[in-house]
Number of protein chains: 2
Amino acid sequence: MYKATIVVRLKPSVLDPQGNAVKGSLHSLGFEDVEEVRIGKTMEVWLDTSDSALASERVEAMCKKLLANPVIENYEYELEEGA
Amino acid sequence: MYKATIVVRLKPSVLDPQGNAVKGSLHSLGFEDVEEVRIGKTMEVWLDTSDSALASERVEAMCKKLLANPVIENYEYELEEGA
């Protein structure tokens with residue numbers, strides 16, 4: 001069993017309206033020292049395989065096909081055995 | 001300047017319908033070896049302060065007041081200087 005922790009973030013050049021809304025809310029709550037907020041997704045995927053290379057290949061394919069939109073998002077992941 | 005990377009996840013006991021939907025989609029795409037998917041948020045917050053203890057205290061307060069729902073979510077964060 002492998003656990004992949006995948007982080008998908010908007011590319012730095014892409015506007016983040018959700019992040020801007022959170023920044024506005026933080027300012028209203030008195031956190032005026034917040035300069036910028038960017039919001040992404042963390043996905044934990046448990047894979048029933050014992051082959052690390054295969055797990056990595058599968059996660060890469062999932063990110064490309066479903067989990068990230070390569071036009072506007074970057075992704076990175078870490079694999080952990082037996083988690 | 002400090003950058004806080006905050007990860008907010010559903011507590012393990014809380015059902016994750018979004019994660020289940022993604023699991024279903026991955027199965028349909030041929031990734032049958034996916035056992036479970038859990039989805040959380042990653043937030044990057046840039047803080048205009050040079051005091052590490054203050055930054056940490058501010059981030060903790062933001063998580064409690066706005067960024068996480070302590071009833072159903074856990075949060076953790078890392079601080080990085082000058083990022």
Side-chain angles (χ1 to χ4, degrees), chain A residues 1-12 16 18-51 54-68 73-78 82-83, chain B residues 1-12 16 18-51 54-68 73-78 82-83:
Chain A
M1 181 79 95
Y2 273 90
K3 177 187 165 194
T5 303
I6 303 160
V7 179
V8 178
R9 291 185 178 89
L10 286 170
K11 290 186 179 175
D16 183 355
Q18 196 188 0
N20 282 338
V22 168
K23 185 175 79 170
S25 301
L26 287 171
H27 284 182
S28 318
L29 286 170
F31 298 105
E32 289 93 356
D33 45 1
V34 171
E35 294 264 307
E36 200 186 344
V37 180
R38 303 279 295 176
I39 297 187
K41 281 167 284 184
T42 298
M43 287 173 272
E44 294 167 311
V45 176
W46 284 263
L47 276 169
D48 186 17
T49 174
S50 53
D51 180 339
L54 181 69
S56 172
E57 192 185 292
R58 301 286 276 169
V59 171
E60 192 77 43
M62 282 176 213
C63 289
K64 287 193 175 129
K65 284 192 188 162
L66 184 76
L67 305 178
E73 291 172 330
N74 290 324
Y75 61 88
E76 58 188 43
Y77 60 88
E78 275 173 21
Chain B
M1 181 80 94
Y2 274 89
K3 176 187 165 192
T5 303
I6 304 161
V7 179
V8 177
R9 291 184 178 89
L10 285 171
K11 289 185 179 175
D16 183 355
Q18 194 189 359
N20 283 337
V22 168
K23 185 174 81 171
S25 301
L26 287 171
H27 284 184
S28 319
L29 286 171
F31 299 105
E32 290 93 357
D33 46 359
V34 171
E35 294 265 308
E36 201 186 343
V37 179
R38 305 278 295 174
I39 298 187
K41 282 167 285 184
T42 298
M43 288 173 274
E44 295 167 311
V45 176
W46 283 264
L47 276 169
D48 186 17
T49 174
S50 52
D51 179 337
L54 181 69
S56 171
E57 192 186 292
R58 300 285 277 170
V59 171
E60 192 76 44
M62 281 176 215
C63 288
K64 288 195 174 128
K65 284 192 188 161
L66 183 76
L67 305 179
E73 291 172 329
N74 291 324
Y75 62 86
E76 59 187 41
Y77 60 87
E78 276 173 21

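Everything numeric here is computed off the predicted structure, so don't read it as measured data. Each chain gets a letter, A, B and so on, in the order the sequences are listed, and its residues count up from 1.
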Peer 1: Nearest 0.5 Å please: distance from the OG1 atom of Thr5(A) over to the CZ atom of Arg9(B).
Peer 2: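 If I round to the nearest 0.5 Å, the distance is 6.5 Å.
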Peer 1: Under 4.5 Å heavy-atom distance to chain A, tell me which part of Ala61(B) shows up: side chain, backbone, both or neither.
Peer 2: both
Peer 1: If you count heavy-atom pairs under 4.5 Å with chain B, which of Glu36(A), Lys23(A), Lys65(A) comes out on top?
Peer 2: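 Among Glu36(A), Lys23(A), Lys65(A), the one with the most close pairs to chain B is Glu36(A).
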Peer 1: What are the two closest non-hydrogen atoms of Met62(B) and Leu26(A), and how far apart are they?
Peer 2: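 For Met62(B) versus Leu26(A), the nearest heavy atoms are CG-CD2, 3.5 Å.
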Peer 1: Pick whichever of Met43(A), Gln18(A), Glu32(A) has the most heavy-atom pairs under 4.5 Å with chain B.
Peer 2: Met43(A)
Peer 1: Quick one: of Thr49(B), Leu47(B), Val7(B), who has the most non-hydrogen atom pairs under 4.5 Å with chain A?
Peer 2: Leu47(B)
Peer 1: Given a strict heavy-atom distance threshold of 4.5 Å, which part of Val45(B) is in contact with chain A: side chain, backbone, both, or neither?
Peer 2: both
Peer 1: Let me know which of Val22(B), Ile39(B), Val37(B) forms a side-chain contact (heavy atoms from CB on, under 4.5 Å) with Leu67(A).
Peer 2: Val22(B)
Peer 1: From Asp33(A) CG over to Met1(B) CE, what is the distance, rounded to the nearest 0.5 angstrom?
Peer 2: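 Going from the CG atom of Asp33(A) to the CE atom of Met1(B) covers 10.5 Å.
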